[in-house]
Amino acid sequence: MRGGSGGERPALQEHAPSAFPQQGGRVPVEAGEHRTQDAAHRWAPASPAWSSVVPGLRRAVAGDAAEIARLKSVLTGSGALSPERLGPTRTLLAARLGPAGSAVAFVVDAPGGGGLASCALALVHPVFPSPEAPEGLAAQVDVVATEPSHRGRGYATAALGALLRHLEGLGVAEYALYAGGEPVSFYERFGFHRDAALLRMTRVPGRRPTHTAGLSTAQFAETVMRATGFAGLYFTDEDGHPLQLHAVYSSTHPWQVPGGTMDPGERPWGTAVRECLEETGIVVEGPPRRLLAAVYGLPGAQWPYSTFGCIFDGGRLTRRQIDALVLDPAEHDEARVLPLEEWRGLMPAGDYRRLLAVDRARRSGETAYFDTWDWDTG
């Protein structure tokens, strides 16, 4: 890869109670056939990730309202409800969990009793019918929460999977996710994804707008920029001509300095040393060498994240050292040394400008700041 180097919802009164299957008791949660957006077809059976069955899994009833409210307030970052607020919240939620209410939830009873171990709740609301939503129904998944002492048992997976299958059976074709309590990868298993084309804004009367008000640490983390990091080493021969490796996996960025993408937990210098050994066989020892360039690139069609990188001075190699390089054939098939100007015709313009900046930093003794190595401009 290139980083290698280099408001409340109204109850659905228009629906008869029969539109929402009878609540209470255990319910089967095996995969079944559901309606699709196209009335001439059916949903494929639910994926294995949705099909988990655990003891105690059932459709929520009005009597579960207090426990669901507790799980949401304590475990999704909104804070524990005071006794004064818990009563009205429980009453409202219990009404919405009724047969004609707007809330649908599935819960897992805690083993041995004592409340709920996990829950998943959605608020169903009408939208304008469309070819994508012929039933005119959408859902907001508002709570997915598990008691810490019951985590790791598949309870959240079972509850959310049962909830989504039930909603599909009602004809819900649009879903929005507002729940916390689980990592993003958990929701991605159920088909949720970020949509950069959508703008979400909120308004609370009497509250001044802030970007982070009410967000937990995990929720705030989902709003910040994402980036990948890389690090590499710039080597030349004894005449100062740059050494680069030809990548077999990238026709867009074919020539690269030894280096690669940072692994989780690594620091830039550690990445540079590790990648250099893996790609050339060169063992670089001692403290970090001089930083020649700090590199930044904006995201683009080829890669959805920004890119930060550090290129360190690898020093000068003798002819013997260059001839002794050991390449990883899965990554590179050639090591080449050329005068700087001769690299121009072999590289994208952006890659060549970066090479110039790195070489100039080596010669001048001043660290380069190169912030235009963007994915769409190369």
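These numbers were taken from a predicted model, which means no experiment stands behind them.
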Asks: Could you give all pairs that pass the salt bridge (Lys or Arg N to Asp or Glu O under 4.0 Å) test and reach residues 228-251, with sequence neighbours left out?
Replies: none
Asks: Determine which pairs satisfy side-chain hydrogen bond (donor to acceptor under 3.5 Å, both in side chains) with at least one residue from residues 280-291, sequence neighbours left out, and list them in order.
Replies: none
Asks: Mind jotting down which residue pairs meet the salt bridge (Lys or Arg N to Asp or Glu O under 4.0 Å) criterion with at least one end in residues 253-265? Sequence neighbours excluded, please.
Replies: Asp263-Arg274
Asks: Answer yes or no: is there a side-chain heavy-atom contact under 4.5 Å between Leu163 and Val104?
Replies: yes
Asks: Is the shortest side-chain heavy-atom distance between Val124 and Leu167 below 4.5 Å?
Replies: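 Counting from C-beta outward, Val124 and Leu167 do come under 4.5 Å.
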Asks: Taking the side chain as every heavy atom from C-beta outward, state whether Leu160 and Tyr187 have any atom pair closer than 4.5 Å.
Replies: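 A side-chain contact exists here, since the closest heavy-atom pair is under 4.5 Å.
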Asks: Would you say the side chain of Leu338 lies within less than 4.5 Å of the side chain of Glu341, judging by non-hydrogen atoms?
Replies: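 With C-beta onward as the side chain, the pair stays apart.
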Asks: My understanding is that only residues two or more places apart in sequence, or in another chain, count here; which of them pass side-chain hydrogen bond (donor to acceptor under 3.5 Å, both in side chains) with Arg320?
Replies: none
Asks: Looking at side-chain heavy atoms only, is the closest gap between Arg354 and Val295 below 4.5 Å?
Replies: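 Yes, at least one pair of side-chain atoms sits under 4.5 Å.
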Asks: Answer yes or no: is there a side-chain heavy-atom contact under 4.5 Å between Leu291 and Trp269?
Replies: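 Result no, sub-4.5 Å side-chain heavy-atom pair not found.
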Asks: With Tyr296, which residues qualify under ring pair (Phe, Tyr, Trp, His ring centres under 6.0 Å), at least two apart?
Replies: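 In terms of ring pair (Phe, Tyr, Trp, His ring centres under 6.0 Å), with neighbours along the sequence ignored, Tyr296 is linked to Phe308.
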Asks: So does Glu67 pair up with Arg70, basic N to acidic O under 4.0 Å?
Replies: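 Yes, this pair counts.
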Asks: Can you give me the closest heavy-atom contact between Pro134 and Pro129, atom names plus distance?
Replies: O-CB, 4.0 Å
Asks: Please say yes or no: joined through hydrophobic side-chain contacts below 4.5 Å, possibly via intermediate residues, are Ile311 and Trp373 part of one cluster?
Replies: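 They do share one cluster, since a chain of ILVMFWY contacts under 4.5 Å joins Ile311 to Trp373.
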Asks: Say whether Leu292 and Ile282 are linked into one hydrophobic cluster, either directly or through other cluster members, by side-chain heavy-atom distances under 4.5 angstrom.
Replies: no
Asks: Any chance you could lay out the side-chain hydrogen bond (donor to acceptor under 3.5 Å, both in side chains) test for Trp343 and Asp351, step after step, and finish with the verdict?
Replies: CA-CA 10 Å; Trp343 282 112; Asp351 288 7; over 6 Å; no
Asks: Restricting to ring pair (Phe, Tyr, Trp, His ring centres under 6.0 Å), what partner residues turn up for His246, sequence neighbours left out?
Replies: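 For His246 the ring pair (Phe, Tyr, Trp, His ring centres under 6.0 Å) partners, ignoring immediate neighbours, are Trp255.
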